Undergrad: 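Take this structure, written in structure tokens, and hold onto it; I'll ask about it next.
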Protein chains: 2
Amino acid sequence: MLKISELSAQSGLSAHTLRFYEKHGLINASTRSEAGYRFYNEADVRRVEFVKTARNIGFSLDDIAQLLSIRVDKKSHSCQEVTDLTQHKLNEVNAKIEELQSMQQTLEILLDSCCGGPENATHCSIMEALDEGDIRDKARSNKK
Amino acid sequence: MLKISELSAQSGLSAHTLRFYEKHGLINASTRSEAGYRFYNEADVRRVEFVKTARNIGFSLDDIAQLLSIRVDKKSHSCQEVTDLTQHKLNEVNAKIEELQSMQQTLEILLDSCCGGPENATHCSIMEALDEGDIRDKARSNKK
DNA sequence: CTTGACCTTAGAGTCAACTCTAAGCTTATA
DNA sequence: TATAAGCTTAGAGTTGACTCTAAGGTCAAG
């Protein structure tokens, strides 16, 4: 049985974060001492690790809540539910990557166009491009 | 001279957002009517467009504030300052892309491993991978 | 028995970039 | 002249995931 500081040390999550996750229904200390101190057993620790792994992959806490509800009763849930969640996350990630790659392209074009030297910015091609808004013609739509 | 709603229509930014940008020192209406209504002249509009362009590229409002301070006095600033800002942003974008690509890989591996069918999740390989935390061995470190 | 480290809670603060609300003027139209 | 549309401000709310604070209870060591 681990106290919160011990679980914190072991998991790398702060005690604050562990309590925060508890408040949001993700994890729990299955026992409490008389004084109310949290005690985590092995199953609790495994659940925390599950959360950590899912979070590292990029799942939101809401996603993780769903995954956990599947985890505690696997018989009542299908593989499809799990892949749906995963696919949905992948779609989000892909969309974000595309958006960032568009920014990346634009920024590279800007950097290529400018000397970057110590001369004053009166004729800086980056400033000109921003002023004219014509970057869009080269690398389009970094919109939200 | 444009009223705020006209500039809003023209720029695609809401009147709320225009006031918000003003509050944060990014833009300004150079004139006000007797009653206090904002009126934007051509230079104001160009500044708003500059902000919009920079924001579309992915610059933060803080970055944009810096770019604007260069813009109003180009003679006192160097091309290097501009490229430094741009390079810094590009580095951020690149880092974010790498992080997301790592998530992407992991999610693809997970999806490949699971049947995604209507059978119950008792032996779902995604759930197992999350439980064992061993996804990290294949696709590493999606950390913040 | 005191010191200090650790634990508890409710609730506030942080970040970014908006987004919205309330309460009250102003302006244009019918 | 009345109504509706549009403008003003200060300030609060939103989102997500923490992060921290205050005020106080607990526990082990010396």
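Everything numeric in this text was worked out from a predicted model, so none of it was measured. Convention: sequence-line order gives letters A, B, ...; per-chain numbering from 1. Below, all heavy atoms of this structure are taken into account, side chains as well, without hydrogens, waters or symmetry copies.
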Undergrad: Which is more 5' along DNA chain C, the nucleotide nearest B:Tyr37 or the one nearest A:Ala35? Just name the residue.
TA: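 It is A:Ala35 whose nearest nucleotide is closer to the 5' end.
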
Undergrad: Rounded to whole angstrom units, what separation is found between the CZ atom of A:Phe20 and the C1' atom of C:dT14?
TA: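 Atom CZ in A:Phe20 sits about 13 Å away from atom C1' in C:dT14.
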
Undergrad: Distance check needed: C:dC15 C1' versus B:Asp62 CG, whole Å only.
TA: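 Those two atoms, CG and C1', are 11 Å apart.
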
Undergrad: Whole-Å distance between C:dA16 P and B:Glu92 CD?
TA: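 Checked: the CD to P distance equals 11 Å.
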
Undergrad: Count the heavy atoms of every other residue, nucleotide or ligand shown that sit under 6.0 Å from NE2 of A:His24, and state whether that count exceeds 12.
TA: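 Enclosed: over 12 neighbouring heavy atoms sit under 6.0 Å from NE2 of A:His24.
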
Undergrad: For A:Glu81 and A:Ser78, indicate whether the former's side chain and the latter's backbone hold a donor-acceptor pair under 3.5 Å.
TA: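 Pair found, side chain donor or acceptor close to backbone of A:Ser78.
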
Undergrad: D:dC18, OP1 or OP2 - any side-chain N/O from A:Ser14 closer than 4.0 Å?
TA: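 For D:dC18, neither OP1 nor OP2 has a side-chain N or O of A:Ser14 closer than 4.0 Å.
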
Undergrad: Phosphate oxygens OP1/OP2 of D:dT26: is one of them under 4.0 Å from a side-chain N or O of A:Arg38?
TA: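 It does not, given that no N or O in the side chain of A:Arg38 lies less than 4.0 Å from OP1 or OP2 of D:dT26.
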
Undergrad: Whole angstrom is fine here: how far is it from NE2 in A:His16 over to P in D:dG16?
TA: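 To the nearest whole Å, that distance equals 22 Å.
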
Undergrad: Are the side chains of A:Arg19 and A:Arg38 in contact, using a 4.5 Å heavy-atom criterion?
TA: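 SC-SC contact between A:Arg38 and A:Arg19 confirmed.
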
Undergrad: Looking across every strand, which nucleic acid part, if any, lies under 4.0 Å from B:Arg19 by heavy atom: base, sugar-phosphate, or nothing?
TA: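 Base contact - B:Arg19 has a heavy atom under 4.0 Å of at least one base atom.
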
Undergrad: Find out whether B:Arg47 and B:Val72 are in side-chain contact, i.e. whether some heavy atom of one side chain is under 4.5 Å from a heavy atom of the other.
TA: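 The answer is yes; the side chains approach within 4.5 Å.
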
Undergrad: What integer distance in Å separates B:Leu7:CG from D:dT8:P?
TA: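 About 11 Å, once rounded to whole Å.
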
Undergrad: Both A:Lys3 and B:Ser33 contact DNA chain C. Taking the nearest nucleotide for each, which residue is further toward the 5' end?
TA: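 Result of the comparison: A:Lys3.
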
Undergrad: Between A:Leu18 (CG) and D:dA17 (C1'), how many Å, whole number?
TA: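 Whole-Å distance recorded here is 14 Å.
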
Undergrad: Using whole Å, report how far NZ of A:Lys23 lies from P of C:dT8.
TA: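 The distance from NZ of A:Lys23 to P of C:dT8 comes to 13 Å, rounded to the nearest Å.
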
Undergrad: For A:Thr53 and A:Asn56, does a side-chain donor sit closer than 3.5 Å to a side-chain acceptor?
TA: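 Looking only at side-chain atoms, A:Asn56 and A:Thr53 do not form any donor-acceptor pair under 3.5 Å.
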
Undergrad: Which is true for A:Ser60 with a 4.0 Å heavy-atom rule: it touches a base, it touches only sugar-phosphate, or it touches nothing?
TA: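 Here A:Ser60 touches the backbone only, sparing every base.
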
Undergrad: Below the 4.0 Å mark, does D:dC7 have OP1 or OP2 next to a side-chain nitrogen or oxygen of B:Arg32?
TA: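 The answer is no; no side-chain N or O of B:Arg32 sits under 4.0 Å from OP1 or OP2.
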
Undergrad: B:Leu13 CG to C:dC20 P: how many Å, rounded?
TA: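 Distance, rounded to whole Å: 14 Å.
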
Undergrad: Taking any heavy-atom pair under 4.0 Å as a contact, classify A:Phe39: base, sugar-phosphate, or nothing.
TA: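 No contact.
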
Undergrad: Report the nucleotide, chosen from D:dG6, C:dC18, D:dT19, that has the shortest atom-to-atom distance to any side-chain atom of A:Thr17.
TA: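 Shortest atom-to-atom distance from the side chain points to D:dT19.
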
